[in-house]
Trainee: 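Sharing a structure below in structure tokens format, with a few things to ask.
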Number of protein chains: 2
Amino acid sequence: MREITIPESGAKRKLLDAAEILFAIHGFDLVTVRHVSQRVEMNVASVNYHFGSRAGLLATVILQYATPLHEQRLALLDTAERKGFGKITSIEAILEAYLSPVLLRIGSTELPEENFYQLLGRIFADHGKALPQPYRDSFQSVNERFIRAFAKVLPGLALEDLAARFHFIQGALIHLLAHQATLLQGTKSPQTMGQSIERLVRFAATGLRERLVVEDVVAVKDTPQAMFNF
Amino acid sequence: MREITIPESGAKRKLLDAAEILFAIHGFDLVTVRHVSQRVEMNVASVNYHFGSRAGLLATVILQYATPLHEQRLALLDTAERKGFGKITSIEAILEAYLSPVLLRIGSTELPEENFYQLLGRIFADHGKALPQPYRDSFQSVNERFIRAFAKVLPGLALEDLAARFHFIQGALIHLLAHQATLLQGTKSPQTMGQSIERLVRFAATGLRERLVVEDVVAVKDTPQAMFNF
DNA sequence: GTCTATAAAGTGATAGAC
DNA sequence: GTCTATCACTTTATAGAC
């Protein structure tokens with residue numbers, strides 16, 4: 001599998017900057033190599049020369065943002081776990097390890113805050129669907145790592161329920177990232193993303209602590225791995 | 001504003017059936033009028049003849065699903081509110097009025113269950129972005145109606161916090177709809193959507209009941225309408 | 001590395017025969 | 001209403017000049 005390195009400057013960087021904001025605003029499907037190259041007044045062949053293809057450009061953009069975010073999430077999770085479990089705040093610590101890294105805007109170079117969140121929302125909405133399989137697996141392994149961390153501090157909860165709740169939290173985050181900008185239109189005192197994330201942490205922590213006893217939700221015991229397929 | 005009526009049979013119905021499943025699988029941006037017409041072995045001009053344009057076809061598909069769902073949600077909410085508040089179960093009743101109508105698969109004619117949920121997820125992920133403004137307003141008014149209903153049974157919670165939490169729940173539902181199918185790959189005893197919705201009701205109800213006292217989340221008092229812009 | 005020209009295929013929409 | 005042919009344009013990608 002080819003490694004993708006992120007250029008600091010030069011022609012590749014210029015094209016990436018253009019691609020990032022266009023993908024953020026219009027989505028992955030509607031942006032053409034012409035839109036990208038024309039935005040920075042380069043020729044139409046430049047994208048294919050520097051990234052091989054349109055797909056190569058898209059993969060580079062996605063990995064530039066997803067990879068450091070994944071690393072930051074896992075690093076914060078490691079730190080939270082080393083500080084020890086059993087404390088009342090451990091659920092919040094894991095949630096913050098997962099949610100707060102989006103606030104660091106890592107991977108971003110020139111992108112305005114609003115477009116950074118939009119782009120991140122699009123990237124995680126389809127779980128790196130535009131990436132080759134090996135890269136997609138990294139999305140999945142981060143999910144699995146977090147679900148197992150929650151399982152340790154919520155021993156009374158079935159893994160199936162935990163996976164479902166984690167999926168809910170992931171959806172809430174993606175929706176927030178995708179629509180925070182439009183949510184603020186016309187507001188004089190805009191909510192910052194930090195405030196929204198803080199709200200989500202509290203909402204999710206309470207929801208996770210709900211002790212589930214449902215008769216009609218049957219436990220699934222056959223293929224554990226299937227639970228992490230998202 | 002032109003009314004859009006849904007045909008029961010005939011050429012329009014055939015084209016709609018094709019369009020629905022293609023939009024569900026590939027997304028709104030990648031499906032062409034040729035894909036649609038060729039799927040049911042009709043000529044390329046048929047879409048433009050029957051729907052005026054590609055955009056007209058897309059709007060018809062979206063409204064066919066969104067309109068009855070909106071009506072069902074509001075009808076269930078009215079029923080829940082008439083049964084009286086103050087009971088411990090009122091939060092769950094409102095949540096079920098919002099979430100459970102997706103299980104009825106209303107608006108659907110020929111769509112397999114998996115694709116129905118996918119399509120609904122795509123429709124609500126972008127709040128009817130592909131629709132003319134008057135229709136988009138109906139998405140927003142349903143949200144506002146539900147947030148106000150929650151406010152009555154959660155009087156201690158600021159409207160800003162409520163709106164944020166409702167947005168989280170909406171995101172969780174959309175993510176669930178969009179990925180329920182892939183979530184089940186490889187599972188022998190698949191979770192039904194009904195079970196997932198039941199899990200979401202419990203998770204969300206608990207999260208909504210969390211009594212928020214946060215110093216760093218400042219109340220916004222200027223433009224109330226901006227809170228419902230989603 | 002940059003750029004123009006072009007290939008080969010696809011796009012939405014429409015004119016006009018039937 | 002149906003269908004073919006076609007228009008005017010856009011798409012990704014590449015060959016080849018500089």
Side-chain angles (χ1 to χ4, degrees), chain A residues 2-63 109 122 126 129-132, chain B residues 2-64 109 122 126 128-132:
Chain A
R2 179 174 51 100
E3 275 301 309
I4 292 182
T5 53
I6 310 301
E8 304 268 321
S9 63
K12 284 186 84 158
R13 186 66 262 160
K14 266 177 71 181
L15 290 169
L16 279 172
D17 287 340
E20 288 166 22
I21 194 161
L22 288 174
F23 282 138
I25 294 171
H26 303 290
F28 298 148
D29 295 335
L30 293 181
V31 177
T32 71
V33 296
R34 272 181 172 73
H35 295 149
V36 174
S37 54
Q38 282 176 5
R39 184 172 225 273
V40 283
E41 287 161 300
M42 294 176 71
N43 64 85
V44 283
S46 56
V47 166
N48 281 289
Y49 178 80
H50 287 287
F51 297 95
S53 67
R54 181 195 185 279
L57 171 66
L58 177 54
T60 305
V61 169
I62 292 174
L63 288 172
T109 57
R122 292 190 193 276
D126 62 357
K129 195 186 67 186
L131 297 177
Chain B
R2 176 174 52 98
E3 276 301 309
I4 292 183
T5 51
I6 309 301
E8 304 268 320
S9 63
K12 284 187 86 160
R13 185 66 263 159
K14 265 177 73 181
L15 289 169
L16 279 172
D17 287 340
E20 288 167 22
I21 194 160
L22 289 173
F23 282 138
I25 294 171
H26 304 289
F28 299 147
D29 295 335
L30 294 181
V31 177
T32 71
V33 294
R34 275 178 174 75
H35 295 148
V36 173
S37 54
Q38 283 174 5
R39 184 172 224 274
V40 283
E41 289 161 301
M42 294 176 72
N43 64 84
V44 284
S46 57
V47 166
N48 280 290
Y49 177 80
H50 288 287
F51 298 95
S53 65
R54 180 194 184 279
L57 171 64
L58 177 54
T60 305
V61 169
I62 292 175
L63 287 173
Q64 175 188 329
T109 57
R122 293 192 193 275
D126 63 359
K129 196 186 67 186
L131 297 176

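Lettering of chains follows the sequences in order, A, B, ..., and the numbering in each one begins at 1. Only heavy atoms go into these numbers, but all of them, side chains included; no hydrogens, no water, no symmetry mates.
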Trainee: How bent is the helix from C:dG1-D:dC18 to C:dC18-D:dG1, comparing axes over its five end pairs at each side, to the nearest 10°?
Mentor: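 The angle, to the nearest 10 degrees, is 10°.
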Trainee: Measure from the side-chain N and O atoms of A:Arg54 to the backbone N and O of A:Val31, and report whether any donor-acceptor pair falls under 3.5 Å.
Mentor: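 Checking the backbone N and O of A:Val31 against the side chain of A:Arg54, a donor-acceptor pair under 3.5 Å is found.
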Trainee: Round to a whole Å and report the spacing from CG of B:Leu22 to P of C:dT11.
Mentor: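 Atom-to-atom, B:Leu22 to C:dT11, this comes out as 12 Å.
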Trainee: Would you indicate what B:Ser46 reaches in the nucleic acid, counting non-hydrogen atoms under 4.0 angstrom: base, sugar-phosphate, or nothing?
Mentor: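 Counting heavy atoms under 4.0 Å across all strands, no contact is made by B:Ser46.
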Trainee: Report the distance from atom NZ of A:Lys129 to atom CD1 of A:Ile62, rounding to the nearest 0.5 Å.
Mentor: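 One finds 9.5 Å between NZ of A:Lys129 and CD1 of A:Ile62.
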Trainee: Kindly write out the residues that satisfy side chain to side chain contact (heavy atoms under 4.5 Å, CB included) with B:Ala19, not counting sequence neighbours, or none if the list is empty.
Mentor: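 Counting only residues at least two positions away or on another chain, B:Ala19 forms a side chain to side chain contact (heavy atoms under 4.5 Å, CB included) with B:Phe23, B:Val36, B:Leu57, B:Val61.
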Trainee: For B:Tyr49 and C:dG12, what is the distance between atoms OH and C1' respectively, to the nearest whole Å?
Mentor: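 In whole Å, C:dG12 C1' lies 18 Å from B:Tyr49 OH.
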Trainee: Can you sort out which residues in residues 26-45 of chain B have a heavy atom within less than 4.0 Å of DNA chain D? Ascending by number, please.
Mentor: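 Within residues 26-45 of chain B, the residues near DNA chain D are B:Arg34, B:Asn43, B:Val44, B:Ala45.
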Trainee: Whole-Å distance between D:dT4 P and B:Asn48 CG?
Mentor: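 So the CG-P distance, B:Asn48 to D:dT4, works out to 16 Å.
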Trainee: Whole angstroms only, please: what is the CZ-P distance between B:Arg54 and C:dT14?
Mentor: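 After rounding, the reported distance stands at 15 Å.
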Trainee: At what distance, to the nearest 0.5 angstrom, does CG of B:Leu131 lie from CG of B:Leu63?
Mentor: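 The distance works out to 5.0 Å.
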Trainee: CG of A:Leu58 versus C1' of D:dA13: gap in Å, rounded?
Mentor: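 Taking CG of A:Leu58 and C1' of D:dA13, I get 17 Å after rounding.
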Trainee: State, yes or no, whether a side-chain contact exists between B:Val47 and B:Leu15 at a heavy-atom distance under 4.5 Å.
Mentor: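 Yes, close enough: below the 4.5 Å cut-off.
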Trainee: Does anything in residues 17-29 of chain A form a salt bridge (Lys or Arg N to Asp or Glu O under 4.0 Å)? List the pairs, not counting sequence neighbours.
Mentor: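 Of all non-adjacent pairs touching residues 17-29 of chain A, those that pass salt bridge (Lys or Arg N to Asp or Glu O under 4.0 Å) are A:Arg13-A:Asp17, A:Arg13-A:Glu20.
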Trainee: Over how many whole Å does the gap from B:His50 atom NE2 to C:dT14 atom C1' extend?
Mentor: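 Checked: the NE2 to C1' distance equals 15 Å.
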Trainee: Which residue pairs pass the side-chain hydrogen bond (donor to acceptor under 3.5 Å, both in side chains) test when at least one of the two sits in residues 34-50 of chain B, sequence neighbours left out?
Mentor: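 Listed by first then second residue: B:Thr32-B:His35.
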Trainee: Can you tell me how far CD1 of A:Ile21 sits from CG of A:Leu16, rounded to the nearest 0.5 angstrom?
Mentor: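 Taking CG in A:Leu16 and CD1 in A:Ile21, the distance rounds to 13.5 Å.
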